[in-house]
> 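Here you go, one structure.
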Amino acid sequence: MKAIVVTDQAAGTSGMKLVERPEPQVPINDVIVQVHASGFVPTELAWPSTWTDRLDSDRTPSIPGHELAGVVTALGYGTTGLSLGQRVFGLADWYRDGTLAEYVAMEARNLAPLPGDVDFTVGASLPISGLTAWQGLFQHGRLQMGQSVLVHGAAGAVGSMVTQLAREFGAYVIGTGRAADRQTVLDFGAKEFVDLDNEALEDVGGIDLVLDSIGGDIGKRSAGLIRAGGTLVSIVGPAEARPDNGRAVDFVVESDRAQLSEIVQRVRDGRLRTNIGSISTLDDAVAALNSTERRKGKTIVRVRS
Ligand SMILES: NC(=O)c1ccc[n+]([C@@H]2O[C@H](COP(=O)([O-])OP(=O)(O)OC[C@H]3O[C@@H](n4cnc5c(N)ncnc54)[C@H](OP(=O)(O)O)[C@@H]3O)[C@@H](O)[C@H]2O)c1
């Protein structure tokens, strides 16, 4: 099969190569999925799990990509809830070969059915950004109706999902980002926008929940904006500052079949818009992933036309 591999962490996306690899086998509890579309998060080349296995041994050349939409072509012993030929989408294991390939082996529990009227590229854009937003707001953030939510990077892949889900839930949403993203963020449903390069974050106060996808100085300054009993949720590592009288939580997204179904249902009925920035083919993906243009939204690779 064709697959994109990485061997050199220092080279980043410029070290990616399109190669021939053997098709994966199907172990217990796994299914093989013929990948139709894959998502890619550029920061994944900085994650240790892209380069090593769980025992910290080198696993290069490794195949990146951890979210996909495709069709089940083989069922391993013990798999439940899926059938041959079924359209699926989901989140692949961080420590195994991923989804920038024609086939991937992954645990059945990490997949959910993809309804027939949802395009594979749309399905592939949802698992990481949609699940992260859902878990950040409702599990870790314990969002209550009517609360205020500050969403950093609100035009981004995760931020745009957070903005829409929080708005739908009845929160007052303030988005942040670059000046050029103001209208995009308001269109996703934020009531206010803070241009982090030119406007004072500190003018926003008394926030119940901050969802931080930027970190660094922005994350540190956000701790002081949280009202008593509020929460700072970081998806970019442990918070560097904690709210004086509130919670600080960091987490890594986990797969959840029921949440994937909730998310895709919202896309079907129009409550949630995908935020796909670019779609390339597998053959063109290395060049596309090395583009010098500013990325906007989710990066998708269409593996099968
Ligand atoms: N913990 C988890 O489970 C989890 C899950 C998903 C993602 N993540 C992490 O979350 C982060 C965001 O992921 P994503 O896929 O949403 O990325 P993305 O699509 O690039 O979104 C990030 C957004 O934030 C903006 N931004 C970044 N730094 C900024 C700054 N200093 N000032 C203003 N705007 C800024 C970006 O604009 P520019 O492009 O112009 O910088 C972009 O619009 C990544 O680090 C990713 O690894 C973590």
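Note that these values count all heavy atoms, side chains included, but never hydrogens, waters or copies made by symmetry. All ligand and atom numbering here is 1-based and tracks the order in the structure.
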> Is the shortest distance from a Lys or Arg side-chain nitrogen in E202 or R221 to a carboxylate oxygen in the other one below 4.0 Å?
yes
> For A154 and F188, which heavy atoms make the closest approach, and how far apart are they?
O-CD1, 4.4 Å
> Does only the side chain of E44 get under 4.0 Å from ligand 1, or the backbone, or both, or neither? Count heavy atoms.
neither
> For A157 and ligand 1, does the shortest N/O to N/O distance drop below 3.5 Å?
yes
> Side chain to side chain donor-acceptor pair (under 3.5 Å) with Y172: which of K191, E192, Q147?
E192
> Closer than 4.0 Å to some heavy atom of G177 - which atoms of ligand 1 meet that?
33 (C), 34 (N)
> Answer yes or no: are there more than 12 heavy-atom neighbours, outside D244 itself, under 6.0 Å from its atom CG?
no
> Among all protein heavy atoms, pick the one closest to atom 41 (O) of ligand 1 and tell me residue, atom and distance.
R178 NH2, 2.9 Å
> Heavy-atom distance to atom 36 (C) of ligand 1: which of Q135, R295, R294, H66 wins?
R294
> Do D284 and T281 get their side chains close enough for a donor-acceptor pair, meaning under 3.5 Å?
yes
> I want to check something: taking the side chain as every heavy atom from C-beta on, are V6 and E44 in contact at a cut-off of under 4.5 Å?
no
> Tell me the nearest of V253, L196, T43, V158 to atom 44 (C) of ligand 1, using heavy-atom distances.
T43
> I need the nearest protein heavy-atom contact for atom 27 (C) of ligand 1: residue, atom name and distance, please.
I214 CG1, 3.8 Å
> Heavy atoms only: which of A46, G153, A133, S234 is nearest to atom 23 (C) of ligand 1?
G153
> Examine R87 relative to F120 and say whether NZ or CZ is less than 6.0 Å from the centre of the six-membered ring and inside a 45° cone about the ring axis.
yes
> Starting from atom 45 (O) of ligand 1, what is the nearest protein heavy atom, named by residue and atom, and what distance separates them?
V236 CG1, 3.6 Å
> Among all protein heavy atoms, pick the one closest to atom 12 (C) of ligand 1 and tell me residue, atom and distance.
S213 O, 3.7 Å
> How about Q259 and Q139: does a side-chain donor come under 3.5 Å of a side-chain acceptor?
yes
> Is a donor from one side chain sitting under 3.5 angstrom from an acceptor on the other, for S14 and N290?
no
> Counting both backbone and side chain atoms, is some N or O of F251 under 3.5 Å from an N or O of ligand 1?
yes
> Which part of W47 is near ligand 1, with near meaning a heavy atom under 4.0 Å away: side chain, backbone, both or neither?
side chain
> Quick one: look up the protein heavy atom nearest atom 8 (N) of ligand 1 and list residue, atom name and how far away it is.
I235 CD1, 3.7 Å
> Run down the list S129, G175, G39, G156 and name the one with the heavy atom closest to atom 21 (O) of ligand 1.
G156
> For L289 and M16, run side-chain contact (heavy atoms from CB on, under 4.5 Å): C-alpha distance rounded to whole Å, both residues' side-chain angles, the deciding distance at 0.1 Å, then the answer.
CA-CA 9 Å; L289 298 179; M16 288 177 152; 3.7 Å; yes
> What is the nearest protein non-hydrogen atom to atom 6 (C) of ligand 1, stated with its residue, atom name and distance?
I128 CG2, 3.5 Å
> Around atom 5 (C) of ligand 1, find the nearest protein heavy atom and jot down its residue, atom name and distance.
T132 OG1, 3.2 Å
